[in-house]
Amino acid sequence: MSLSIRNQIPGTVIAVTTGEVMATVKVRLDGGQEITAAITRESVRDLDLATGTAVRALVKSTEVALATAPVEGISIRNQLPGTVSDITTGAAMASVKFTVAGGSLTAAITADAVRALDLAAGSPVVALIKSTEISLATG
């Protein structure tokens, strides 16, 4: 299956915590970072997720926020450090490509944000991704 989601990061499930309707799934990415995805309990069952399951974490580029350093005092726990590799800026929006350990990601942010953060190739960034914005795929 082909997807329009550019951000597809391979990893392995390291923990599943199931609630009444939703579950949190901790994934160790191939680059060593850990992220958490919040998905439905039904999805955990349908994908047969358990410790050791190989997955791909999927995140739309519009759901990736960027900071220039790790952020404290925020509910977003998924914070992946990286380095900007390329920026394509239009009149209103920009596509920021950056490398993280084990892969690369893209964030769609405003052109104003690129200027305000003074982003350029080589700039350090931290991707901020809410757990509810991460989907998981197997196979």
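Please read these numbers as outputs of a predicted model, since none were measured by experiment. Residue indices begin at 1 and follow the sequence shown.
Looking at every heavy atom in both residues, A101 comes nearest to Q33 through O-NE2, 3.0 Å. Listed here is the closest heavy atom pair of A23 and T18: CB-CA, 4.0 Å. Across V100 and P81, no two heavy atoms sit closer than the pair CG1-O, 3.4 Å. The shortest non-hydrogen separation linking A91 to A111 is O-CB, 4.1 Å. In terms of heavy atoms, A127 sits closest to L66 at CA-CD2, 4.1 Å. Smallest separation of non-hydrogen atoms from T138 and A54: CG2-O, 3.9 Å.
In this view, R28 and E34 satisfy the salt bridge (charged side-chain N to carboxylate O under 4.0 Å, His left out) rule, not counting sequence neighbours. In this structure, the side chain to side chain donor-acceptor pair (under 3.5 Å) partners of T40, at least two apart in sequence or on a different chain, are S43. Listed by chain and number, the residues in a side chain to side chain contact (heavy atoms under 4.5 Å, CB included) with A121 amount to none (sequence neighbours excluded). Not a single side chain to side chain donor-acceptor pair (under 3.5 Å) links T12 to another residue, sequence neighbours left out. Residues forming a salt bridge (charged side-chain N to carboxylate O under 4.0 Å, His left out) with R41 (at least two apart in sequence, or on another chain): none. Partners of D112 under the salt bridge (charged side-chain N to carboxylate O under 4.0 Å, His left out) rule, at least two apart in sequence or in another chain, are R115.
Proximity of V96 to V125: side-chain heavy atoms (C-beta onward) are nowhere separated by under 4.5 Å. Taking 4.5 Å as the limit, some side-chain heavy atom of L136 sits within range of a side-chain heavy atom of V25. Side-chain contact between V13 and K26: absent, with no pair of heavy atoms (C-beta onward) separated by less than 4.5 Å. A 4.5 Å side-chain heavy-atom check between M93 and T110 finds at least one atom pair inside the cut-off. You'll find the side chain of I134 reaches within 4.5 Å of the side chain of I35, heavy atoms only. Contact check for P70 versus V126: side-chain heavy atoms found under the 4.5 Å cut-off. For the pair V55 and L49, the minimum side-chain heavy-atom distance is below 4.5 Å. Residues V114 and I109 are in side-chain contact: their nearest non-hydrogen atoms beyond the backbone lie under 4.5 Å apart.
One finds the CD1 atom of I87 at 11.0 Å from the CZ atom of F98 (value rounded to the nearest 0.5 Å). Note that the CG atom of L29 and the CZ atom of R56 stand 13.0 Å from one another [nearest 0.5 Å]. Taken to the nearest 0.5 Å, the CG atom of N7 stands 12.5 Å off from the CD atom of E133. The structure places CG of L128 at 9.0 Å from CG of L80, a figure rounded to the nearest 0.5 Å. The structure places CD1 of I9 at 6.0 Å from CD1 of I129, a figure rounded to the nearest 0.5 Å. To the nearest 0.5 Å, atom CG of residue L58 and atom CD1 of residue I5 are 5.0 Å apart.
Counting only distance, with no hydrogens or angles, the side chain of R77 and the backbone of I74 share a donor-acceptor pair below 3.5 Å. In this structure, S85 contributes its side chain and K97 its backbone to a donor-acceptor pair below 3.5 Å.
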Could you go through the side chain to side chain contact (heavy atoms under 4.5 Å, CB included) check for S135 and I39 one step at a time?
CA-CA 7 Å; S135 297; I39 63 175; 5.8 Å; no

In sequence, state the C-alpha distance, the side-chain angles, and the governing distance for D118 and T68, and then conclude on side chain to side chain contact (heavy atoms under 4.5 Å, CB included).
CA-CA 9 Å; D118 196 26; T68 55; over 6 Å; no

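Transitive grouping of hydrophobic side chains (ILVMFWY, heavy atoms separated by less than 4.5 Å) keeps V27 and I14 in distinct clusters.
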